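Written out below as structure tokens is the structure these notes cover.
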Amino acid sequence: MTSNSQPVHGSQPWLHQKGEVIQEFGTVKQFPVGLSYEARMYSCQRLNKVLADTQILYGLYKKHHWLMRGATFYQLHLVLDQHAGEQLELVDTIAERVQSLGGVALGDARHVAEITSIPRPPDGVEQIPAMLSRLLEAHEAILVDAHDAAARAAELGDDGTNDLLVSQVIRTGERQAWFMAEHLVDTPLVRV
């Protein structure tokens, strides 16, 4: 508001606000969840890594969903969109787990790009087998990381993180990888 303007009344939003960072990324605040600082810090770090990779996998699913071509277009278009939706649900679940442990969930796409281990795809359109293989490789990277993180979380007594990683991230990823891998099978034609 400038000195020449009238006072603001009613429902005028206070625009262009800036604030101090009240919790740095990579820190955990004390929450009464019955876990040590070490366990919560470890889980937040590992979950943010899985979160970054899962956000990238979600993006790959959407990209490939849009770029499908050929005789299996409709079936793959639908399954890729379904898988994308399931990955998006995982993104939210993982981020909320980080927050519930007192951490700061990774949320900015530029930060995600710095942390992910999933290679960037070409900007253009690849052949369908290459797109499906790219999804499988991303799934495998997440699954390897999730298995390792789940085992360590269990050692630290963080049953909630272990459960999330095993029952949601790993099981969803294994099922989705199975679906993608079966699309890459070269089925011989049977002649009658």
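Note that the structure is a prediction, hence the values are computed from the model and not measured.
Remark: Phe179 pairs with His83 by the ring-ring contact (aromatic ring centres under 6.0 Å, His included) rule, at least two apart or across chains.
The shortest heavy-atom contact between Val98 and Ala105 is CG1-N, 3.6 Å. Counting all heavy atoms, side chain and backbone alike, Leu60 lies closest to Ala138 at CD1-CB, 4.1 Å. Closest of all the heavy-atom pairs between Ala154 and Asn162 is CB-ND2, 3.5 Å. Here the shortest heavy-atom pairing between Ala84 and Tyr58 reads O-CD1, 3.1 Å. In terms of heavy-atom proximity, Cys44 sits nearest to Val28 at SG-CG1, 3.6 Å. When all heavy atoms of Met41 and Gly26 are compared, the pair lying nearest together is CE-O, 3.3 Å.
The backbone N or O of Trp14 lies less than 3.5 Å from a partner atom in the side chain of Gln17, making a donor-acceptor pair. When atom types are taken as modelled, the side chain of Gln23 and the backbone of Gly102 share a donor-acceptor pair closer than 3.5 angstrom.
Here the CG-CG distance, from Asp53 to Leu106, works out to 10.0 Å after rounding to the nearest 0.5 Å. Atom CD of Glu137 and atom CG of Leu132 lie 11.0 Å apart (nearest 0.5 Å). Taken from NE2 in His183 to CG in Leu76, the straight-line distance is 4.5 Å, to the nearest 0.5 Å. With rounding to the nearest 0.5 Å, the separation of CD in Gln176 from CG in Leu57 is 6.5 Å. Note that the CG atom of Leu35 and the CD atom of Gln30 stand 9.5 Å from one another [nearest 0.5 Å]. The CG atom of Leu90 lies 4.5 Å from the OG1 atom of Thr172; values are rounded to the nearest 0.5 Å.
Residues Glu174 and His139 have side chains not in contact (no heavy-atom distance under 4.5 Å, counting atoms from C-beta outward). Annotation: side chain of Val79 is not in contact with side chain of Gln75 (no heavy-atom distance under 4.5 Å). Side-chain contact between Arg134 and Pro122: present, with at least one pair of heavy atoms (C-beta onward) separated by less than 4.5 Å. Contact check for Phe25 versus His111: side-chain heavy atoms found under the 4.5 Å cut-off. With a 4.5 Å cut-off on side-chain heavy atoms, Ile94 and Thr54 count as touching.
One finds no salt bridge joining Arg152 and Asp148 here, because no Lys/Arg side-chain nitrogen approaches an Asp/Glu carboxylate oxygen to under 4.0 Å.
Under the side-chain hydrogen bond (donor to acceptor under 3.5 Å, both in side chains) criterion, the residue pairs touching residues 63-74 are His65-His77, with sequence neighbours excluded.
Placement of Leu78 and Met68 within a single hydrophobic cluster is found when ILVMFWY residues are connected by side-chain heavy-atom separations under 4.5 Å, directly or transitively. Ile170 and Leu156 sit in two unconnected hydrophobic clusters of ILVMFWY residues. Membership requires side-chain heavy atoms under 4.5 Å apart, directly or through other members. Hydrophobic clustering (side-chain heavy atoms under 4.5 Å, transitive across Ile, Leu, Val, Met, Phe, Trp, Tyr) keeps Met180 apart from Leu143. No single ILVMFWY cluster, assembled from side-chain heavy atoms under 4.5 Å apart, contains both Val166 and Leu101. Note on Phe31: it clusters hydrophobically with Leu47, by side-chain heavy-atom contacts below 4.5 Å among ILVMFWY residues.
Between the side chains of Gln168 and Glu89, no donor-acceptor pair of N or O atoms lies under 3.5 Å. No side-chain N or O of Thr116 forms a donor-acceptor pair with one of Lys49 less than 3.5 Å apart.
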*asked:* Using the rule given for side chain to side chain contact (heavy atoms under 4.5 Å, CB included), can you reason through Ile115 versus Asn48, listing the C-alpha separation, both sets of side-chain angles and the distance that settles it, and then say yes or no?
replied: CA-CA 9 Å; Ile115 292 175; Asn48 268 319; 5.7 Å; no
*Decide yes or no on side chain to side chain contact (heavy atoms under 4.5 Å, CB included) for Leu136 and Leu184, but give the supporting numbers first.*
CA-CA 10 Å; Leu136 284 170; Leu184 292 173; 3.6 Å; yes
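Asp158 pairs with exactly one of Arg40, Arg46, Arg97 by the salt bridge (Lys or Arg N to Asp or Glu O under 4.0 Å) rule, that one being Arg97.
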